[in-house]
Amino acid sequence: MTEKATSRVENLVSSGGVVFRESDGRLETVLCGRSDPVRWSLAKGTPDPGETLEETALREVREETGLEVELGASLGSIEYWFSDRDNDVRYHKTVHFYLMSPVGGDIDQHDPEFDVVQWFDVDEALDSMAYGNEAGVLRRAVALFQSGQG
């Protein structure tokens, strides 16, 4: 019996943000969604050549949400694994997140990567998010924002 060779591992990095606004005394955040199946997530993406993580976060949030944003504090990073079984590759991805505030733009101007972009009350966003590790980032962002350090 022949043993299958070990999968190749590739390390990937991306960057994104948690955008907050206050509306009628409530804290809201913007999520990006896909319709089939329904999945809500934070805006994030891969750096262009020569871009810093912060520049990537600002660009990706602008492209994916349609919002012009200002960069705030770092929210740290998350890591996860996924596989491309057809090509026998395992990916280890690290995503760096930043707190952000909107200064212009409109969610109707988001790029076609997502079916819909929407503002959510933070509690509703936490209940709607598809990925637990991203919900953890949102919880860290809320704590930082409410402490006045964001």
Side-chain angles (χ1 to χ4, degrees), residues 9-84 86-87 89-150:
V9 174
E10 290 191 22
N11 293 303
L12 304 174
V13 174
S14 66
S15 191
V18 175
V19 182
F20 280 150
R21 73 176 182 189
E22 290 185 88
S23 177
D24 296 325
R26 297 176 324 164
L27 187 60
E28 294 182 332
T29 192
V30 68
L31 296 179
C32 302
R34 293 199 171 94
S35 298
D36 192 19
V38 174
R39 283 192 322 257
W40 290 102
S41 62
L42 297 171
K44 61 189 173 298
T46 305
D48 285 340
E51 252 183 353
T52 66
L53 293 172
E54 294 86 355
E55 289 168 338
T56 300
L58 288 167
R59 178 183 51 76
E60 286 290 338
V61 168
R62 182 182 65 249
E63 290 173 0
E64 293 184 355
T65 68
L67 298 171
E68 295 293 332
V69 293
E70 284 184 340
L71 193 69
S74 171
L75 296 169
S77 62
I78 59 173
E79 298 180 36
Y80 55 92
W81 291 84
F82 61 98
S83 297
D84 175 352
D86 293 338
N87 294 307
V89 181
R90 291 182 63 223
Y91 295 96
H92 175 240
K93 188 164 191 175
T94 303
V95 186
H96 301 271
F97 285 99
Y98 298 88
L99 192 58
M100 298 180 172
S101 55
V103 294
D106 190 300
I107 59 173
D108 292 333
Q109 302 302 312
H110 69 88
D111 69 15
E113 183 174 342
F114 289 98
D115 300 319
V116 64
V117 173
Q118 182 177 316
W119 286 101
F120 286 83
D121 177 83
V122 169
D123 291 330
E124 184 185 355
L126 286 166
D127 289 341
S128 301
M129 293 177 78
Y131 307 107
N133 54 2
E134 288 191 9
V137 170
L138 180 54
R139 285 187 193 90
R140 283 198 307 268
V142 169
L144 190 65
F145 184 84
Q146 291 176 337
S147 75
Q149 298 175 32

- Task: Check salt bridge (charged side-chain N to carboxylate O under 4.0 Å, His left out) between K93 and all other residues, then give those that pass, not counting sequence neighbours.
- Result: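 Once residues adjacent in sequence are excluded, K93 has no partner under the salt bridge (charged side-chain N to carboxylate O under 4.0 Å, His left out) criterion.
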- W119, F145, F120 screened by ring pair (Phe, Tyr, Trp, His ring centres under 6.0 Å) with F20, the one that passes: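 Among W119, F145, F120, the one that satisfies the ring pair (Phe, Tyr, Trp, His ring centres under 6.0 Å) with F20 is F145.
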Reported [atom1]-to-[atom2] distance for the pair [X] and [Y], which is rounded to 0.5 angstrom:
{"X": "L12", "Y": "T46", "atom1": "CG", "atom2": "OG1", "value": "7.0 Å"}
{"X": "T65", "Y": "D108", "atom1": "OG1", "atom2": "CG", "value": "11.5 Å"}
{"X": "N133", "Y": "L138", "atom1": "CG", "atom2": "CG", "value": "12.0 Å"}
{"X": "D121", "Y": "L27", "atom1": "CG", "atom2": "CG", "value": "8.0 Å"}

- Does any N or O in the side chain of Q109 come within less than 3.5 Å of the main-chain N or O of D106, such that one atom is a donor and the other an acceptor?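 No, the answer is negative, given that no donor and acceptor are paired below the 3.5 Å cut-off.
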- Query: Do side-chain atoms of R39 reach the backbone of A130 as a donor and acceptor pair under 3.5 angstrom?
  - Reply: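 The answer is no, because no donor-acceptor pair under 3.5 Å joins these two groups.
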- Do L42 and V18 pass the side-chain contact (heavy atoms from CB on, under 4.5 Å) test, and can you show the C-alpha distance, the side-chain angles, and the key distance before you say yes or no? CA-CA 7 Å; L42 297 171; V18 175; 3.9 Å; yes
- Message: Angle between ring planes, H92 versus W81, binned at 30° and 60°: parallel, tilted or perpendicular?
- Response: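 Answer is tilted, since the angle falls between 30° and 60°.
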- Task: Could you walk me through whether V116 and W40 pass side-chain contact (heavy atoms from CB on, under 4.5 Å), step by step?
- Result: CA-CA 9 Å; V116 64; W40 290 102; 3.3 Å; yes
- Message: Less than 4.0 angstrom from a charged side-chain N to a carboxylate O is my criterion; do E63 and R59 meet it?
- Response: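 Yes.
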- Item | Identified salt bridge (Lys or Arg N to Asp or Glu O under 4.0 Å) counterpart of K44 within the set E60, E134, E64 |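 Of all the options given, the one that passes is E134.
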- Message: Taking side-chain hydrogen bond (donor to acceptor under 3.5 Å, both in side chains) as the cut-off, I'd like each qualifying pair that reaches into residues 22-37, sequence neighbours left out, listed once.
- Response: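 Sorted result for residues 22-37: R21-E28, R26-E28, S35-D115.
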- Query: What are the two closest heavy atoms between Y98 and S15, and how far apart are they?
  - Reply: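 Residues Y98 and S15, closest heavy atoms: CE1-OG, 3.5 Å.
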- Task: Could you give me the CA-CA distance, side-chain angles and deciding distance for I107 and L67, then say whether side-chain contact (heavy atoms from CB on, under 4.5 Å) is met?
- Result: CA-CA 6 Å; I107 59 173; L67 298 171; 4.0 Å; yes
